[in-house]
**Student:** 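Have a look at the structure that comes next, please.
Values in this document were obtained by computation on a predicted structure and should not be read as measured data.
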Amino acid sequence: MQNDNIKFSDQSLDYVHSLMKRYPEGKHKSALIPILHVAQAQFDGWLSPAVMDYVASILKIQPVEVYEVASFYSMFNLKPVGKCLIEVCRTSSCWLRGAEDIVSHLENKLLIKVGQTTSDGMFTLKTVECLGSCGTAPMMQVGTDFFENLNKEKTDSLLQKFRSEGKRRTYLDEPETRNT
Amino acid sequence: MGKKLLLKNDHIPGIQSYEVYRNTGGYTSVEKALKSMTPDAVTEEVKKSGLRGRGGAGFPTGMKWSFLAKPPGVARYLVCNADESEPGTFKDRYLMEHIPHLLIEGMITSSYALGANASYIYIRGEYYYITRILEKAIAEAYKNGWLGKNILGTDFSHDLYVHVGAGAYICGEETALLESLEGKRGNPRIKPPFPAVAGLYGCPTVVNNVETIAAVVPIINDGGEEYAKVGIGKSTGTKLISASGHINKPGVYEIELGVPVEEFIYSDEYCGGIWNNKKLKAVVAGGSSVPILPAELILKTAAGEPRLMSYESLSDGGFATGTMLGSGGFIVMDETTSIVKNLWNFTRFYHHESCGQCSPCREGTGWMEKVLHRILEGHGKMSDVDLLWDIQSKIEGKTICPLGDAAAWPVASAIRHFRSEFEEMIEKVEQQRNLKKEFSV
């Protein structure tokens, strides 16, 4: 099922083709995961069946080969998400330093539970497993950026910043200067 | 102050850039290897160094390299495992972010030894921002003639690529990583064949951790024998330790292997002691998968010897009283920590990350999570402790890849060393339950 409205921008398409050239001839399926990241960033932060079909057509593979990969990896969203997907690390080192407090603070501030999206479509709250930021715990990832050594005040000011900027954050964004 | 080999220059401003890295001695291992050594001589130095895999398993790197099959006319690959996902581990992130050229230099020198004309750095998707740092550094290396065709005018040509994952702990297992790199689900492969014979695209492949590949640089620069002089016994060289949890100074520390654990935890050079003037309760010394040890056993072995930060000393006593160096993810817990709750946290992690291929792991991790959850929620039964023990014993050693073992060991060790804590928690609610029954009669 092809949807003609789903097309990479020229710039993205050039990038996608350059990704496919990183692998030997005939092995371009290797580029699937990197291309799905590009697709998710361009098409509203999630992978709809139509987007996955489009990626399959570019790689000349069966759609099911895309579905089975997209559903395996936790960074791919198979349902719509808010402009800011807030991913709070909940694993041991972060838990030891107060990740649970950060999660409940976010739930209270955003008036949603983990797994839900605010009614204005701005925020989705998710808890994730260890992001390799244990020495700067607790932390959350929003788009490409890690926000570390969190406390309630810092979390509040980040929410305010995200809300006033109002833009979608993706893993492919230019990283902000990290302030840990 | 211990000897530093990997992070000796990480404080120099601009060390991320090619110019500063090169001006402080960068890329000399490539020059030395390509101009004055045969590929086998490079492997020989790595063998002499005693370097062991820094990802967690601790397998001798030189030996792993010498297993690589070399059928004529078949491509060989080096793949760097930068999927760092073991809870408590963040050293590779630090190294790649702060001194990216060290990894790239190690990749080139190692690829020369292996006869690999292409290599990949497989980096976890959550570290997407680091792919930009690595790709910038790779572009600089190409521009300055360290990558591409006929490097330094020799016959050796090499292309290096970054490949990004998308969130799956299992892809740190080397055959799952290769599946993922081929654009598939990260399901580990049945071994044999080992990657050294049939790895990426069915070709002979070596998969090494970031820190392992970086360590090849000082080994070639100074010689394997010099490297082997650092450290203690068979634990040669230095190790990056990721220190986290209830300590005053969390962070990445490069230690000379053999530093006493007590010094590592309490000295201001490293962790700086337990936070809030609390007492030490327990440590998970090598990432979430290794057995947890109570304070008395992490500071001293069962025989009363001071415990050292080395492969041998940490595993002294086997799993009965010891643990493992693992990835060097050193998680410290103070006296207020609930071991039961931390174990539930770990078990939930393994349940979430099980790929689902093997029933003992897919089902067993879920059962352990559920049983621990009901204990925490006040619905536990005294028989649950034995039930947990039974489940973990039926996962260990019965799965394709080590994720099953990694899920079982934390459960076994928590019960082994902290059984009374489980029992007290259950006993308390059982008493309340009985009290309620009496009143409701």
**Student:** Could you list the donor-acceptor pairs under 3.5 angstrom formed by side chains in residues 63-73 of chain A, with sequence neighbours left out?
**Tutor:**
{"residue": "E65(A)", "atom": "OE1", "partner": "K29(A)", "partner atom": "NZ", "Å": "2.9"}
{"residue": "E65(A)", "atom": "OE2", "partner": "Q62(A)", "partner atom": "N", "Å": "2.9"}
{"residue": "Y67(A)", "atom": "OH", "partner": "D53(A)", "partner atom": "OD1", "Å": "2.6"}
{"residue": "S71(A)", "atom": "OG", "partner": "Y67(A)", "partner atom": "O", "Å": "2.9"}
{"residue": "S71(A)", "atom": "OG", "partner": "E68(A)", "partner atom": "O", "Å": "3.3"}
{"residue": "Y73(A)", "atom": "OH", "partner": "S180(B)", "partner atom": "OG", "Å": "3.0"}
{"residue": "Y73(A)", "atom": "OH", "partner": "K184(B)", "partner atom": "O", "Å": "2.7"}
{"residue": "Y73(A)", "atom": "OH", "partner": "G186(B)", "partner atom": "N", "Å": "3.3"}

**Student:** Using non-hydrogen atoms only, which part of E87(A) is less than 4.5 Å away from chain B: side chain, backbone, both, or neither?
**Tutor:** neither
**Student:** Decide, yes or no, whether a salt bridge links E176(A) with K161(A) under the criterion of side-chain N to carboxylate O below 4.0 Å.
**Tutor:** yes
**Student:** If you count heavy-atom pairs under 4.5 Å with chain B, which of L36(A), L131(A), I61(A), D173(A) comes out on top?
**Tutor:** L131(A)
**Student:** Below 4.5 Å from any heavy atom of chain A, which atoms of E84(B) appear? Answer side chain, backbone, both or neither.
**Tutor:** neither
**Student:** Please flag which part of K341(B) lies under 4.5 Å from any non-hydrogen atom of chain A: side chain, backbone, both or neither.
**Tutor:** both
**Student:** If you check every heavy atom in residues 286-293 of chain B against those of chain A, which residues fall under 4.5 Å?
**Tutor:** none
**Student:** Could you work out, with side-chain hydrogen bond (donor to acceptor under 3.5 Å, both in side chains) as the rule, every residue matching T117(A), not counting sequence neighbours?
**Tutor:** T124(A)
**Student:** Does CG belonging to D10(A) count more than 12 external heavy atoms closer than 6.0 Å?
**Tutor:** no
**Student:** Side chain, backbone, both or neither: which part of T337(B) has a heavy atom under 4.5 Å from chain A?
**Tutor:** side chain
**Student:** Non-hydrogen atoms of chain A under 4.5 Å away: do they reach the side chain of L200(B), the backbone, both or neither?
**Tutor:** neither
**Student:** Does any backbone or side-chain atom of E100(A) lie under 4.5 Å from a heavy atom of chain B? Answer side chain, backbone, both or neither.
**Tutor:** side chain
**Student:** Using a 3.5 Å distance criterion without hydrogens, assess whether the side chain of H98(B) forms a donor-acceptor pair with backbone atoms of Y94(B).
**Tutor:** yes
**Student:** Indicate yes or no: does E254(B) engage K91(B) in a salt bridge with an N to O separation below 4.0 Å.
**Tutor:** no
**Student:** Pull out the residues in residues 326-334 of chain B that come under 4.5 Å of chain A, heavy atom to heavy atom, sorted by number.
**Tutor:** I331(B), V332(B), M333(B)
